[in-house]
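First up is the structure itself, then whatever we jot down about it.
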Amino acid sequence: MTQPALPSVVRYAGFVAAAQGVVAIVVAVVLVVRGVAGADQHIVNGYGTAAWFAVMGSAVLAAGWALITGRRWGRGIAVFANLLLVPVAWYIVQAHHPVYALALGGVAIAVLALLFSPPAVRWASRADD
């Protein structure tokens, strides 16, 4: 028996999630470079923050890869990560940066809309053959 085709909305969400993971890993690299260059570490530990971004970015990148290749386990990680980004976008609005908030919130909501669309839900809820 052949497996049903992967819905395009799942693949699109996977590409966006993978890009989100890459951005988080780039942020981690920037934080490490800043720390090595002598940025003040007294208020916020840039190395610890970099480690957090590296771990989370790697997980979201892996989730994006999983969605692109049709593995259902990536959906949960991608949904969780994007649910966390919605209140972050609200925090950015409160910090008087509405353009950044709109970009971040828009992407997060778009990924959630893709992953909760009817074809994606049908794909995620099918029984293993």
Side-chain angles (χ1 to χ4, degrees):
M1 180 179 219
T2 62
Q3 298 218 353
L6 178 66
S8 59
V9 291
V10 173
R11 186 166 280 125
Y12 297 151
F15 284 122
V16 176
Q20 290 171 328
V22 168
V23 168
I25 292 169
V26 168
V27 168
V29 170
V30 168
L31 289 170
V32 168
V33 169
R34 286 187 69 231
V36 169
D40 185 17
Q41 301 287 318
H42 289 92
I43 295 173
V44 175
N45 183 338
Y47 297 119
T49 306
W52 186 88
F53 270 96
V55 169
M56 294 303 291
S58 298
V60 175
L61 177 59
W65 172 81
L67 290 172
I68 292 166
T69 59
R71 292 169 175 84
R72 289 182 285 167
W73 61 264
R75 185 176 183 267
I77 296 170
V79 166
F80 183 72
N82 284 283
L83 283 174
L84 289 176
L85 288 176
V86 172
V88 170
W90 178 251
Y91 175 79
I92 295 171
V93 167
Q94 299 302 311
H96 306 291
H97 295 289
V99 173
Y100 297 128
L102 185 61
L104 179 66
V107 169
I109 290 170
V111 171
L112 291 169
L114 290 171
L115 290 175
F116 283 102
S117 67
V121 171
R122 278 192 301 274
W123 170 78
S125 65
R126 69 174 169 76
D128 285 332
D129 295 331

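Residue I92 is found in a hydrophobic cluster whose other members, listed by chain and number, are L85, V88, Y100, L104; membership requires side-chain heavy atoms under 4.5 Å apart, directly or through intermediates. In the hydrophobic clustering, L84 connects to F80, either directly or through intervening members, whenever side-chain heavy atoms lie under 4.5 Å apart.
No continuous path of hydrophobic side-chain contacts links V79 to M56 [ILVMFWY only; heavy atoms under 4.5 Å]. In the hydrophobic cluster analysis, where Ile, Leu, Val, Met, Phe, Trp and Tyr join through side-chain heavy atoms closer than 4.5 angstrom, L115 is grouped together with L83. Linking ILVMFWY side-chain heavy atoms closer than 4.5 Å, directly or via other members, places L67 and L114 in a single hydrophobic cluster. Cluster annotation: V27 is not connected to V107 through the hydrophobic network of ILVMFWY side chains, with a link wherever side-chain heavy atoms come within less than 4.5 Å.
The OH atom of Y47 lies 10.5 Å from the CG atom of L31; values are rounded to the nearest 0.5 Å. Between atom CD1 of residue I109 and atom CZ of residue F116 there is a gap of 13.0 Å, rounded to the nearest 0.5 Å.
Across all their heavy atoms, R72 and A124 have their closest contact at NH1-O, 3.3 Å. Here the shortest heavy-atom pairing between A63 and A78 reads CB-N, 4.1 Å. Nearest heavy-atom pair across F53 and A28 is CB-CB, 3.9 Å. For the residue pair P7 and P119, the shortest heavy atom distance occurs at CG-O, 3.6 Å.
Note on residues 103-116: no pairs pass side chain to side chain donor-acceptor pair (under 3.5 Å), not counting sequence neighbours. For residues 79-96, the side chain to side chain donor-acceptor pair (under 3.5 Å) pairs, not counting sequence neighbours, are Q20-N82. For residues 51-70, every residue pair satisfying the side chain to side chain donor-acceptor pair (under 3.5 Å) rule, not counting sequence neighbours, is listed here: T69-R71.
Considering V26, V32, V33 in turn, V33 is the only one that fulfils the side chain to side chain contact (heavy atoms under 4.5 Å, CB included) rule with V29.
A distance-only check finds no donor-acceptor pair linking the side chain of T49 to the backbone of G46 [under 3.5 Å].
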Side chains of residues 9-18: which donor-acceptor pairs under 3.5 Å do they make with residues two or more places apart or in other chains?
| unit_1 | atom_1 | unit_2 | atom_2 | d |
| --- | --- | --- | --- | --- |
| R11 | NE | I68 | O | 3.4 |
| R11 | NH2 | I68 | O | 3.4 |

